[in-house]
Structures are given as C-alpha cells and as structure tokens.
Protein chains: 2
Amino acid sequence: MAKDGVREERAANRGRAADELFRTFSEMIARGELKEGDTLPPEREIVETYGVSRTVAREAVQALANRGLVEARPRFRPVVRRPSFESAIDSMGSVVSQLMGEPDGVRNLFETRILTEAGLAREAARHATPADISKLARALQANREAIHDSVQFYETDRRFHGLLFEMTGNPVLIATHRAFVEWLAPQWVQMQKLRDRNATNYEAHVEIFDAIQKGDPDAAEAALRRHLAEAWEQVRGTFK
Amino acid sequence: MAKDGVREERAANRGRAADELFRTFSEMIARGELKEGDTLPPEREIVETYGVSRTVAREAVQALANRGLVEARPRFRPVVRRPSFESAIDSMGSVVSQLMGEPDGVRNLFETRILTEAGLAREAARHATPADISKLARALQANREAIHDSVQFYETDRRFHGLLFEMTGNPVLIATHRAFVEWLAPQWVQMQKLRDRNATNYEAHVEIFDAIQKGDPDAAEAALRRHLAEAWEQVRGTFK
DNA sequence: GCTCCCAGTTTGGTCGTACCAAACCAGAGC
DNA sequence: GCTCTGGTTTGGTACGACCAAACTGGGAGC
C-alpha cells in the first residue's frame with residue numbers, strides 16, 4: 001500500500017510537499033552539506049532532482065529565505081547564510097515593527113532593555129578586564145567629543161551601550177543589542193534634536209563608567225537605570 | 001483604478017509584486033482593518049481584487065504566514081493573528097534550532113538566560129507584591145510535591161521560573177521565557193532521569209524564594225545563579 | 001593579442017490553466 | 001429532524017509559457 005504510505009506521510013506533514021523540501025534543505029544546511037556562501041541549485045534543477053513542480057520548489061526556497069537560511073535576490077541563485085542569532089532576530093523585524101504601533105509595545109521593549117542592560121552593568125562592574133575598561137574609556141571619550149554633533153553623538157552613544165553587550169563575548173547578547181537599537185531607533189530619531197540633552201546623557205555615561213571602573217555593581221546598575229529611565233521620559237515626552 | 005495603482009507601484013519597484021501585496025496586507029493588519037480572527041480573502045479573490053496571478057497571491061500569503069501574521073492551514077482561509085512577541089519568537093524557532101547544534105550555541109543561550117533571570121530575581125526581591133509572593137509559594141509547594149515524579153517536577157520547575165518572568169507583567173519577557181524553555185528543552189530531557197537531582201533543585205528554589213521574600217536582591221541573584229550554574233553543569237555533563 | 005560589444009543562454013519572477021482532495025453547504029430522501 | 005449525497009469552495013500541486021535582467025562566449029575592431 002505505497003499510496004496509503006504517501007498519503008499518511010502527507011497527512012502527518014499537513015499535506016505540504018513544500019514543507020518537506022524545506023526540511024530537506026534546512027537539514028542539509030544544518031549538517032554542513034551546504035556551507036555558508038554556497039548556492040542552492042537553480043529552481044529548475046530542484047524540480048528535476050526532487051520530482052516536484054516549480055511551484056513547490058519556489059515555495060520551499062521562499063520559506064528558506066523567510067527564515068533567513070538563504071538570501072534570495074532576483075536573478076541570482078539563493079546564497080546559503082549560516083543561521084546566526086542576528087538573522088534570527090532579523091526575521092522578527094517586521095512583526096516587531098507592527099507591535100511598536102501600540103505605546104505599550106515600545107514600553108515593554110524598553111523595559112526589557114533596561115532589565116537586560118542593568119544586568120550587564122552589574123556584570124561589567126564585577127568582571128570587566130582592564131582591556132574592557134580602556135575600551136569603555138575610549139568610547140566615553142568619543143562620546144564627549146561628539147556632544148555638539150547630535151548625529152555623531154547618537155553613534156557614540158550606541159557604541160558605548162553596545163560595549164556592555166560585547167564585553168560578554170556572547171553573540172546572543174550582541175545580537176540582542178542590535179535588535180534593541182534597530183527596533184527602538186524610530187522612537188529615538190525624534191529626540192535627536194534636543195542637543196542640550198547630549199551633555200546630560202554624557203554625564204550619565206560617565207557615572208556608569210565610574211561605577212564599573214570602581215567595581216561597584218549596585219552603583220553601576222543604579223546609574224544605568226537612572227540614565228535609561230530618563231531617556232524613556234524623553235521618548236514618552238515626544239509622544240504625547 | 002486600484003489595479004492601475006498597483007501596477008504603477010510595481011513598475012517603480014521593478015519586481016517583487018508579492019512584496020507589495022505582503023506590505024498591503026500587513027499594513028491592513030497593523031491599522032486594524034483586519035482584526036485578530038478575521039480571515040483573509042480566498043486566494044482567487046485576491047487574484048481578482050489586486051490584479052495579480054495566483055502565484056503572487058499565494059506567495060504573499062505564505063510570507064504573512066511565515067512571519068506569523070496569519071495562520072494558514074490547508075483548505076482553510078488564512079486567519080489573522082495579531083502579532084505578538086510570542087509569534088515573533090516562533091518565527092525564530094527553526095533558525096535557533098539549527099544553532100543548537102554547536103555547543104557554544106547552547107552555552108550562549110543559557111548564559112543569556114542566566115543574566116536575564118538573575119535580573120528578574122533582583123527585581124522580584126525588590127518589588128514583589130504579597131500576591132506575587134503567594135503565587136511563588138504555591139508554585140514552590142507544587143514543586144515539592146512533585147519531587148518523585150520527574151515529568152511533573154519538570155512542569156512545576158518551569159512554572160516556578162516562569163513566575164519570575166510573569167511577575168513583571170511584561171509580555172516581551174513572558175515570551176522570552178517561553179522561548180528559553182522551548183529552545184533549551186531538548187537539552188533538558190536527557191537529564192530528567194536524574195531523580196536525585198529533583199530534591200537538590202527544589203532546595204535551590206527554596207533558597208531563591210526565601211531571598212525574594214526577605215527582599216534581598218543580592219541573595220536572590222546569588223541563589224539563582226548557583227541554581228542555574230548547577231543545572232548547566234548537569235546539561236554539559238550529559239553532553240560529553 | 002587585447003578590449004569591447006552583442007547575441008544567445010541562464011535564472012528568477014509572473015501569468016494562466018487545469019486538476020486534486022478535503023471541507024463546506026444545501027437539498028433530497030428517509 | 002436526521003442522515004446521506006452530490007455540487008461548490010478552497011488551498012495544494014503540476015505544466016507550460018513568457019519576460020527581464022544577469023551571465024557567457026565568441027567574434028569584430030583596434
């Protein structure tokens with residue numbers, strides 16, 4: 001009863017041949033048969049190799065692209081991208097941007113950022129190496145020099161906060177920072193014009209840095225929370 | 001007229017008609033024209049309304065489904081799902097599972113969990129309401145009663161930790177917990193058999209609870225870190 | 001021999017039609 | 001009122017065709 005077997009398999013798969021093809025390719029990528037930078041076969045070749053229609057082949061490739069496992073551009077063979085937490089977070093992008101519509105969405109995300117970064121500040125205060133400290137010092141210096149250039153200040157601000165994430169050497173956290181920045185950026189641009197805030201924010205960074213350098217987790221967390229809470233007030237202010 | 005609009009737009013974009021359609025629908029969802037639970041039009045109707053081929057219509061719907069904006073099942077009209085952080089994290093699932101292949105992937109993720117949960121433990125110690133405390137107490141009680149049933153213990157364990165996330169009332173964090181559990185679960189099942197560990201883990205939970213109840217953030221964090229670090233050792237042990 | 005250009009080929013994107021199977025629906029027959 | 005039944009709806013799949021842009025190879029011109 002081969003037919004029944006096929007039908008059963010289909011039923012188990014919710015009846016989608018494309019899903020099976022999708023799984024086939026993702027497993028190939030997982031196993032390393034398809035390495036980063038490799039290209040998928042042309043659609044017409046997939047058709048022939050796997051005995052499916054081009055419809056199915058295309059759907060599978062689209063699914064791979066949607067999940068960030070391959071990068072597909074018109075008229076180019078899809079390129080395999082080894083999945084990173086970055087690409088994972090990328091795939092959330094469009095969904096998250098929808099959530100930003102509601103004020104609570106922004107608030108919740110920001111709150112999460114505060115919690116995460118507060119933890120990182122403590123971590124930094126406890127485990128920062130001299131090399132970490134000097135990196136932070138340099139970022140702080142750059143931040144100070146950019147006080148009168150809001151665009152530049154934004155960059156150096158981002159860099160300073162980003163260092164807290166990078167110091168862990170944990171790609172998940174590094175990707176998380178990128179996500180925070182990317183998702184919250186739209187809320188930020190509106191307040192970039194408040195130049196007088198730059199000096200205040202720089203001072204806050206100094207406080208955080210000092211606490212980390214002294215190895216005082218409580219002070220580091222407190223300073224960071226003050227800093228971000230203040231930033232939140234500014235964001236919320238431009239809302240209402 | 002709508003037809004001409006669509007065609008013009010496409011000409012400007014030089015391709016990717018499906019992306020246009022995708023944006024059209026996601027904006028409808030964002031604006032609330034399509035509410036949670038509503039159904040998308042049948043594919044053949046989309047074809048007619050927007051003057052595209054069924055290929056394009058299907059691709060757009062598929063993209064919506066991949067992003068978790070709609071839920072599509074064979075032979076049923078796609079149902080609109082208001083994007084939640086949960087669905088966003090869902091869309092990362094397949095990518096993340098690939099990353100778990102590398103030991104570092106698991107470690108990095110677990111490290112992130114420790115950082116997050118340590119922060120939550122502090123938060124709980126400082127801001128837990130009597131209601132929160134009693135919820136924790138009940139979870140702890142259930143945890144104790146399940147010491148001799150590993151499956152049940154796993155459930156109550158999960159619940160106890162989950163409460164730390166839920167206490168914030170922040171859906172981002174709640175979804176994060178679900179993600180941690182889901183992604184790390186495969187590493188967990190292998191160690192469920194170590195029944196003697198249950199008692200140890202329960203004791204750790206008690207420590208955490210006590211610290212929270214006393215309102216001692218440092219103790220709460222320390223207890224939680226000890227607990228998770230120990231769990232990590234167990235996971236790593238089953239690896240090598 | 002080298003460069004440059006052009007026609008033919010590859011490849012993804014779109015369209016249209018056709019058919020299937022499961023779910024749905026409405027009316028017949030009891 | 002109930003069940004059975006056959007037509008309709010709807011998503012899934014298959015072919016086949018055409019387009020536009022990128023790629024390729026080889027010949028024209030220097």
Side-chain angles (χ1 to χ4, degrees), chain A residues 1-25 34 37-81, chain B residues 2-25 34 37-67 69-81:
Chain A
M1 286 246 169
K3 207 171 178 182
D4 281 5
V6 169
R7 197 179 304 164
E8 240 172 75
E9 212 175 339
R10 277 282 174 80
N13 276 12
R14 295 205 193 92
R16 304 176 59 87
D19 285 353
E20 214 171 320
L21 235 191
F22 169 79
R23 278 195 337 174
T24 302
F25 279 116
L34 287 169
D38 283 358
T39 81
L40 252 46
E43 293 176 356
R44 288 167 177 85
E45 196 178 314
I46 295 177
V47 167
E48 198 185 314
T49 307
Y50 296 91
V52 295
S53 72
R54 214 177 138 204
T55 313
V56 170
R58 281 181 57 74
E59 194 176 325
V61 171
Q62 284 160 34
L64 290 167
N66 280 325
R67 310 282 170 149
L69 274 73
V70 304
E71 193 175 351
R73 284 160 37 210
R75 285 170 290 287
F76 290 86
R77 311 254 284 271
V79 179
V80 173
R81 273 183 57 186
Chain B
K3 216 170 175 180
D4 283 3
V6 169
R7 198 174 301 163
E8 249 172 67
E9 227 172 326
R10 196 197 307 170
N13 263 26
R14 281 285 176 272
R16 293 257 181 234
D19 287 353
E20 283 303 318
L21 238 190
F22 170 78
R23 277 200 335 162
T24 302
F25 278 116
L34 287 170
D38 284 359
T39 78
L40 252 47
E43 293 176 356
R44 288 167 176 85
E45 197 178 314
I46 295 177
V47 166
E48 198 186 319
T49 308
Y50 297 92
V52 294
S53 74
R54 216 178 136 203
T55 311
V56 169
R58 279 180 60 73
E59 191 178 326
V61 170
Q62 197 210 332
L64 290 166
N66 279 324
R67 300 276 199 285
L69 276 74
V70 305
E71 192 176 347
R73 284 159 41 213
R75 285 170 291 285
F76 290 88
R77 311 252 285 269
V79 179
V80 173
R81 290 277 169 245

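Order of the sequence lines sets the chain letters (A, B, ...), proteins ahead of strands, with each chain counted from 1. Keep in mind that the numbers below use all heavy atoms, side chains included, and drop hydrogens, waters and symmetry copies.
Distance, A:Arg16 CZ to C:dA22 C1': 15 Å, rounded to whole Å. Across the protein-nucleic acid pair, A:Ile46 atom CD1 and D:dT13 atom P stand 15 Å apart, rounded to whole Å. Following rounding to the nearest Å, A:Gln62 (CD) and C:dG12 (C1') show an atom-to-atom distance of 11 Å.
The pair B:Glu20-B:Arg23 meets the salt-bridge criterion, since a charged nitrogen lies less than 4.0 angstrom from a carboxylate oxygen.
Atom CG of A:Asp38 and atom CZ of A:Arg77 lie 10.5 Å apart (nearest 0.5 Å). Rounding to the nearest 0.5 Å places CZ of A:Arg73 at 10.0 Å from CZ of A:Arg75.
The local environment of CZ in B:Arg54 is crowded, with over 12 non-hydrogen atoms from other residues, nucleotides or ligands closer than 6.0 Å.
A close approach under 4.0 Å does occur between a side-chain nitrogen or oxygen of B:Arg58 and OP1 or OP2 of D:dG12.
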Identify all pairs in which a protein N or O lies below 3.5 Å from an N or O of nucleotides 15-19 of chain D, and state each distance.
from	atom 1	to	atom 2	distance (Å)
D:dA17	N6	A:Arg54	NH1	3.4

Between the protein and nucleotides 22-24 of chain D, list the N/O to N/O atom pairs that are separated by less than 3.5 angstrom.
none

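Among the atoms of the strands shown, only primed sugar atoms or phosphate atoms (P, OP1, OP2) are found under 4.0 Å from some heavy atom of A:Arg77.
Taking A:Tyr50 as the reference, A:Phe25 meet the ring pair (Phe, Tyr, Trp, His ring centres under 6.0 Å) condition, with sequence neighbours excluded.
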